[in-house]
Colleague: 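One structure coming up, written as structure tokens, with questions to follow.
Naming: A, B, ... by sequence-line order, numbering from 1 per chain. The basis for the numbers below is simple: all heavy atoms, side chains too, and nothing from hydrogens, waters or symmetry mates.
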2 protein chains.
Amino acid sequence: MQTFAANAPMPVVRRLPKYHKYLKELLEEGVTKISSKELSLRMGSTASQIRQDLNYFGGFGQQGYGYNVSELIVAIEDILSIHEVYRCIIIGAGNLGKAIRNYIANLDGNAKILAMFDVDASKTQEKEGQLPVYHTSRLKEYMRGHEVDVAILCVPKSSGVRAAEEVIGGGIRAIWNFTTADLPQTEGIVIENVAINESFYVLTYLLSEKMQNKT
Amino acid sequence: MQTFAANAPMPVVRRLPKYHKYLKELLEEGVTKISSKELSLRMGSTASQIRQDLNYFGGFGQQGYGYNVSELIVAIEDILSIHEVYRCIIIGAGNLGKAIRNYIANLDGNAKILAMFDVDASKTQEKEGQLPVYHTSRLKEYMRGHEVDVAILCVPKSSGVRAAEEVIGGGIRAIWNFTTADLPQTEGIVIENVAINESFYVLTYLLSEKMQNKT
DNA sequence: GCTACATTGTTTTATATTTAACAATTTGTA
DNA sequence: TACAAATTGTTAAATATAAAACAATGTAGC
């Protein structure tokens, strides 16, 4: 059993899911072994980077041979703890919350959504799909009774920080933040931001840049 | 009128929307001027980085004074071309497509969604919200008749690349990619990826790392 | 108008990340 | 068994990014 140093730089960590995806594709194609060179050609990266990235976590390859595809997949899944199922609650049952709920439900991932919460009492009437929607006032109580790993924040910007404080108060250790709010760094709490609106601004920046170049 | 060198590194560009957000908040609070030092304290960054980032695009501040909040907002909006309205079509009217449509509709952004497309004929019956849903076979024809700036890809992974090729064939210049597919770099086409699933893997990685540290 | 202070724009230094180079090791073949 | 080819793990060099330092410039008070 491998243990990893866990001090890999974030750019490296963020590339791991991509390696995983390409390796799964190779597996489906029936490819059993791959060299860093071949993989780099597929992915449009460099062989050197692939080798160095993987070596932050261990030596998964064999000299003169390359990497065994299925073994490497397992190794990366271990590193990312993809096999574990993470119990999630969604805070905010509006457009965004429903969207994320639907999206995740149809993804064959390791995020299991237990319940949704909303401040709007009318939303708690509905049973969103198969999921119960509770009033936010019952959040603390719920978290005492159920083990929850991840809170998925889907509230409006104005209540983002408050919602984060509430789930942290309830003992959450990880927040997947889809709001436009900037959550304060908190000791011991993992925060992963998905800044969709910022992403669009980057796109329009690149687009306008491209337009200028065209002229 | 300012013109920018447009050769700023991507990490800098990706920070601009964050500056914009914080400045808008300051404006709401009635703050008219801000120094890089003060702003860095709010944002949890460094004054040096803020000054250097902004100086890739021009000197927006004044020595001994700082930055005029509203002027700087306008400058950043110019850089990101936030004022322009971008005409978008959504490819894929499933869970993800609907989700994004709802999310964007309720965001006061500069993305205007004109129509949705789907291969599933049954989906074309519905009028999603106020938006028409066309069969994908009519995509080329639609793009000939309407000026479209951005294609928002919300199809399953398996049809991601094909969908991209279709909109590129129709003359699109920018793709906002919400699929898990890795789209090939294409000369002259701007591609901005929102890899939600990868984001979750990073979160679980950090979470498991934290768990290990706790023991 | 002069002086002390504040704060930028810019240069220099430090750090982080990526790429290249290469020695070590395994595979496969004769 | 010996040798050539392949390919890793790892070290070194190059590049990119961030932070610190500082000179230039403007502000504000007296």
Colleague: Below 4.0 angstrom from OP1 or OP2 of C:dT7, is there any side-chain N or O of B:Ser36?
Modeller: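 No.
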Colleague: Under the side-chain hydrogen bond (donor to acceptor under 3.5 Å, both in side chains) test, which residues partner A:Asn110, sequence neighbours left out?
Modeller: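 Residues passing side-chain hydrogen bond (donor to acceptor under 3.5 Å, both in side chains) with A:Asn110: none at all.
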Colleague: In whole angstrom, give the distance that lies between atom OH of B:Tyr67 and atom P of C:dA6.
Modeller: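 These atoms are roughly 17 Å apart.
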Colleague: Who passes side-chain hydrogen bond (donor to acceptor under 3.5 Å, both in side chains) against B:Tyr103, sequence neighbours left out?
Modeller: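 Result, side-chain hydrogen bond (donor to acceptor under 3.5 Å, both in side chains) vs B:Tyr103: none returned.
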Colleague: Do A:Tyr56 and A:Asn7 have side-chain N/O donor and acceptor atoms under 3.5 Å apart?
Modeller: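 Short answer, no.
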Colleague: Using chain A heavy atoms and a threshold of under 4.0 Å, write down where along DNA chain D the contacts begin and end, 5' to 3'.
Modeller: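 Counting from the 5' end, contacts occupy D:dA6 to D:dA12.
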Colleague: Mind checking ring-ring contact (aromatic ring centres under 6.0 Å, His included) for B:Tyr67 and listing every partner two or more places apart, or none if nothing turns up?
Modeller: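 Listed in chain order: nothing, the list is empty.
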Colleague: Above 12 or not: heavy atoms from other molecules or residues under 6.0 Å from NZ of A:Lys112?
Modeller: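 Atom NZ in A:Lys112 is not crowded, with 12 or fewer foreign heavy atoms closer than 6.0 Å.
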Colleague: Can you tabulate the close N/O pairs, meaning under 3.5 Å, that link protein atoms to atoms of nucleotides 25-30 of chain C?
Modeller:
residue: C:dT25; atom: O4'; partner: A:Gln63; partner atom: OE1; Å: 3.3

Colleague: Is A:Met43 close to A:Lys18 at the side-chain level, that is, under 4.5 Å between some pair of heavy atoms?
Modeller: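 They are in contact (side-chain heavy atoms under 4.5 Å apart), so the answer is yes.
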Colleague: Please examine the side chains of B:Pro17 and A:Phe200, heavy atoms only from C-beta on, and report whether any two atoms are closer than 4.5 Å.
Modeller: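 Not touching, per the 4.5 Å side-chain cut-off.
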Colleague: For the residue pair A:Ser70 / A:Asn68, report whether a side-chain donor-acceptor contact shorter than 3.5 Å exists.
Modeller: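 Side chains of A:Asn68 and A:Ser70: pair found under 3.5 Å.
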Colleague: Within a radius of less than 6.0 Å around CD of B:Glu29, do more than 12 heavy atoms belonging to other residues, nucleotides or ligands occur?
Modeller: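 Buried by this count: over 12 neighbours within 6.0 Å.
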Colleague: How close do B:Leu207 and A:Val150 get, counting heavy atoms only, and between which atoms?
Modeller: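 Closest approach of B:Leu207 to A:Val150, heavy atoms only: CD2-CG2, 4.2 Å.
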Colleague: Check DNA chain C against residues 38-55 of chain B and give the residues with a non-hydrogen atom under 4.0 Å, in numerical order.
Modeller: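 Going residue by residue through residues 38-55 of chain B, the ones with a heavy atom under 4.0 Å of DNA chain C turn out to be B:Arg51, B:Gln52, B:Asn55.
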Colleague: Calculate the interatomic distance between B:Leu72 atom CG and C:dT8 atom P; express it in whole Å.
Modeller: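 B:Leu72 atom CG is separated from C:dT8 atom P by 11 Å.
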